[in-house]
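The next block holds one structure in the form of structure tokens; read it before the comments.
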Amino acid sequence: MSIMRLFFNESIKRGLVQLVRRQLYWLVMIVAPILCAIFLLELMKAGTIHRVPVGIVDLDNSMVSRRIERNLMGMQQVDIVDHYTDYRAALDAVQRGDIYGFILIPDRLEHKALSGQEPVVSYYVNYAYFPPASIQYKGFKTITMLANGAIAKTTLDATGLLTDRGVMTLLQPILTQVHSLNNPWLNYSYYLNMSFIPCLLALFIMLTTTFSIGTELKYGTCREWIDSAGRSIEFVLFGKLTPHTFIFTCTGWMIQFLMYRVYGLPLNCNPWHMILAMPLFVLANQGFALTMMCIAPNFRYGTTLCTLLGMLSFSFCGFSLPAEAMYPWVHALGCVVPIKYYFLLSIDQALNGIPFYYSRLYYVALIAFIAAPWPLLWRLKRECINPVYVP
Amino acid sequence: MSDRRNNPVVRWFYDLFRVWKREIWFSFHDEGVIIFFLVLCLVYPVLYALIYNPETAHDVAVVVVDEDRSSDSRQFARALDATPEVCVVQYASSIEEARRALNDKQCYGIIRFAGGYGRTIHRGEQAHVEVYCDMGLMFRYKQILIAVTNVQQAFNSQLLHQRLSVVPVNISPGTINNEQVALGNTSMGLASAILPAIFILVLQQSMLLGICMLHGGSRERRLHNQGVDPLEIPAGVAASILGKSLCYWMIYIIPTVYTLVIAPKFFDFPQVGDLRSILVLALPFLLASSFMGQAMKIFVNDRESTFIALVFTSVIFVFLSGISWPRCSMSPLWLIVGNFIPSTWAVNAYVQMQSGGATLEQQSTAYFMLWVLTGVMFVLAYVVERFICRRRYRRMRHYAKRDPLALIREEYRRQAIDILPERINQADFGVPAGLTEAPSDD
């Protein structure tokens with residue numbers, strides 16, 4: 001028993017000493033993840049994009065066109081920064097990047113509308129910038145619909161057949177009431193930071209894990225490393241990775257505190273769900289990185305694998321495009337990284353606050369990642385005893 | 001010949017040429033660097049394009065709760081099912097049952113018709129359709145919203161004509177039609193919007209990673225050789241930086257043409273930009289990136305710490321470029337930070353040119369700023385090389401003079417091994433086998 005304790009103490013001591021002696025660890029375990037989280041949260045603090053700079057080309061200059069313009073100016077979504085004399089000038093401004101789009105009011109709009117000739121108001125939106133384009137679309141669409149409604153209402157009012165309310169129900173017999181559950185403001189930060197910040201943290205955890213094991217292989221210290229705990233790969237890994245787990249968990253809690261308390265992201269479940277999910281998430285990522293190191297027990301290959309999957313998981317885990325819409329192989333690839341399950345779990349728990357039962361499989365998946373490297377550890381052990389450095 | 005080499009100007013150019021030549025040799029003899037410089041640029045654009053190629057989501061699953069059970073509600077639900085955006089997967093008897101399906105991820109939205117829906121319509125009153133959307137992903141919400149709005153509009157105009165036809169007098173309310181025209185990314189897809197930015201980022205980041213890895217290799221050689229890199233060409237600071245940049249810039253001609261011009265063709269991304277203008281834009285962008293890489297090498301101590309210290313910056317740079325969260329909504333602080341990154345200007349100019357058909361003249365601000373950044377980054381790289389790196393090397397040589405194993409001992413100390421093992425020799429760590437001997441020079 002005492003020899004076990006000696007191995008245990010020795011490996012923990014080594015793990016801690018290494019952490020203290022390389023400043024890089026502190027940078028990537030505490031400073032960088034928290035700074036990145038603050039950057040993303042601060043960047044999207046406003047929540048929704050508003051006052052997108054747009055232009056207007058008014059060829060009509062009538063009362064109706066000016067009313068459209070005034071209404072547009074009163075909207076939160078867009079901000080008219082300039083008037084252009086014709087289409088070419090406005091397009092030039094879009095291509096220069098001064099405005100993200102413009103609305104074109106055709107000649108003799110009022111006249112045509114009142115005489116039933118159905119004029120077309122067109123809006124030109126630069127979809128090369130996707131989020132502001134969606135916002136503009138919403139603003140322009142609303143304004144043109146309102147203008148349309150106003151003209152129709154004027155005509156119908158003139159008939160004197162209907163009451164004010166009657167006109168409204170006549171124009172819109174069916175009304176849809178869209179409820180965006182748990183994010184009624186359509187806050188972009190709620191949606192994006194829920195996935196991107198943990199994904200960045202996962203990247204740091206995976207790279208730190210592979211780096212700390214890889215340096216032993218690289219500098220040829222792995223033999224001393226594994227000998228320090230009686231050639232038990234489990235002990236040395238425990239000693240090396242437990243301090244990481246502890247620090248990363250604290251960093252993760254700090255990030256959760258920033259997200260849910262300071263920046264007010266929705267936390268509709270019992271906070272303990274998320275607090276306890278964090279150590280699980282850290283361990284799962286360490287398990288994943290360890291598995292990669294066991295599959296390719298070589299510093300560069302292991303790191304490259306983790307970097308590749310870590311960077312691509314921003315895309316293939318379905319944070320923006322739904323997973324079911326992707327090619328099946330991309331969807332499948334998204335299922336092999338732990339971040340996917342933490343992301344689904346945080347949507348279930350933090351955003352929607354649904355019963356624990358519905359997220360049970362995600363917890364199981366995270367635990368499976370912790371268990372995954374065990375059957376493969378012999379490969380890493382073999383490499384440690386007979387290291388071959390491939391640059 | 002030797003007389004001419006003593007001329008300082010000729011000497012300077014000669015040094016620059018030798019640095020350039022040696023750096024090319026390094027780049028093509030280091031597997032890790034080849035992966036960054038060439039393989040990464042070749043593979044990443046294709047990989048990203050494949051991930052985002054579906055562009056949009058079809059048939060988002062929704063559940064209908066029909067408490068009215070009239071022909072009107074059924075008609076609405078059928079029309080919804082027929083849209084490309086939404087698919088009705090189930091009819092639930094109550095909102096609780098639908099809620100359970102939502103929790104179980106069998107669907108991502110609930111459509112509810114309250115009792116009396118059909119009767120309200122036929123009474124000439126306003127009927128309501130309730131839509132509940134899961135907000136885990138904005139994209140699904142958007143698809144459900146589009147489908148519901150389109151169906152609602154179709155039904156409304158149909159009902160309007162029906163109702164007006166019973167009114168005894170002939171009235172046709174004047175209408176203003178509206179039409180959306182997509183500029184730039186005419187397919188309005190996610191991939192075509194995001195990928196041009198990613199292409200630029202891939203070029204910049206792969207270059208930074210490669211440069212830092214080369215620097216890490218050089219530092220490792222110094223550890224074994226008493227603080228001296230035997231393969232390095234002794235040259236002045238400016239000649240060394242410029243020679244290296246010239247080398248990276250030349251290597252990047254092929255990845256640039258491939259990533260910015262050929263890769264968009266594979267997936268039919270917007271490509272209306274003028275080839276020459278794009279290449280002219282890439283010139284200052286690549287130079288600025290190469291100087292930036294040489295400035296960022298202070299964060300890297302060995303080849304592999306490149307990954308851990310630099311990879312995450314890609315995500316930050318993507319956001320700073322304003323392709324996801326627009327620059328018009330950024331606070332001044334982030335605008336200023338973004339202005340110092342070459343990719344910010346290059347992304348916006350490239351997107352406008354390749355997607356929107358802008359000319360280089362229309363993007364002259366970005367082009368000008370890229371040249372300014374080239375200057376700024378050069379000064380930064382100069383300061384880093386002269387006042388930080390070269391000082392470090394001097395210190396290393398100083399320690400090594402007192403104890404030849406001092407540097408290796410320090411590296412081992414960091415690995416928590418305080419007493420050097422017997423078997424330490426210089427060959428067994430760090431330096432790739434191919435990179436221990438210098439090529440014959442001149």
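Per chain, numbering begins at 1; letters A, B, ... match sequence-line order. Just so you know, these numbers come straight off a predicted model, no measurement behind them.
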For [X], is it the side chain, the backbone, both or neither that has a heavy atom under 4.5 Å from a heavy atom of chain B?
X	result
A:Ser359	neither
A:Val28	side chain
A:Glu42	both
A:Arg14	both
A:Tyr25	neither
A:Asp98	neither
A:Leu40	side chain

* **Structural part of B:Leu47 lying under 4.5 Å from a heavy atom of chain A** =>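 When you check distances to chain A, only side chain atoms of B:Leu47 fall under 4.5 Å.
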* Structure fact -> Honestly, the part of B:Ile323 sitting under 4.5 Å from a heavy atom of chain A is both
* Asked: Are B:Glu411 and A:Arg21 close enough for a salt bridge, meaning some N to O gap below 4.0 Å?
  ->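 No.
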Quick one: of [options], who has the most non-hydrogen atom pairs under 4.5 Å with chain A?
options	answer
B:Val148, B:Asp104, B:Leu102	B:Asp104
B:Arg327, B:Gln363, B:Gln143	B:Gln363
B:Ser331, B:Gly136, B:Ser355	B:Gly136

* If you count heavy-atom pairs under 4.5 Å with chain B, which of A:Leu200, A:Leu27, A:Leu344 comes out on top? ->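 Most pairs with chain B among the choices: A:Leu200.
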* Asked: Out of A:Leu207, A:Leu192, A:Leu181, A:Ile347, which one racks up the most heavy-atom pairs below 4.5 Å with chain B?
  -> A:Leu181
Would you check if the distance from the ring center of [X] to the ring center of [Y] is below 6.0 Å?
X	Y	answer
A:Tyr127	A:Tyr137	no
A:Tyr123	A:Phe102	no
A:Phe211	B:Phe307	no

* **Polar contact flag, side-chain donor to acceptor under 3.5 angstrom, B:Gln180-A:Lys141** =>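 Result is no, nothing qualifies.
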* Asked: Do B:Ser305 and B:Asp302 get their side chains close enough for a donor-acceptor pair, meaning under 3.5 Å?
  -> yes
* Asked: If we only count heavy atoms from C-beta on, is the A:Leu321 to B:Phe139 side-chain gap below 4.5 Å?
  -> yes
* **B:Phe299 atom CZ, over 12 foreign heavy atoms within 6.0 Å** => no
* Going through the checks in order, is the ring pair (Phe, Tyr, Trp, His ring centres under 6.0 Å) test met by A:Phe204 and B:Phe312? -> CA-CA 8 Å; A:Phe204 282 117; B:Phe312 74 95; 4.9 Å; yes
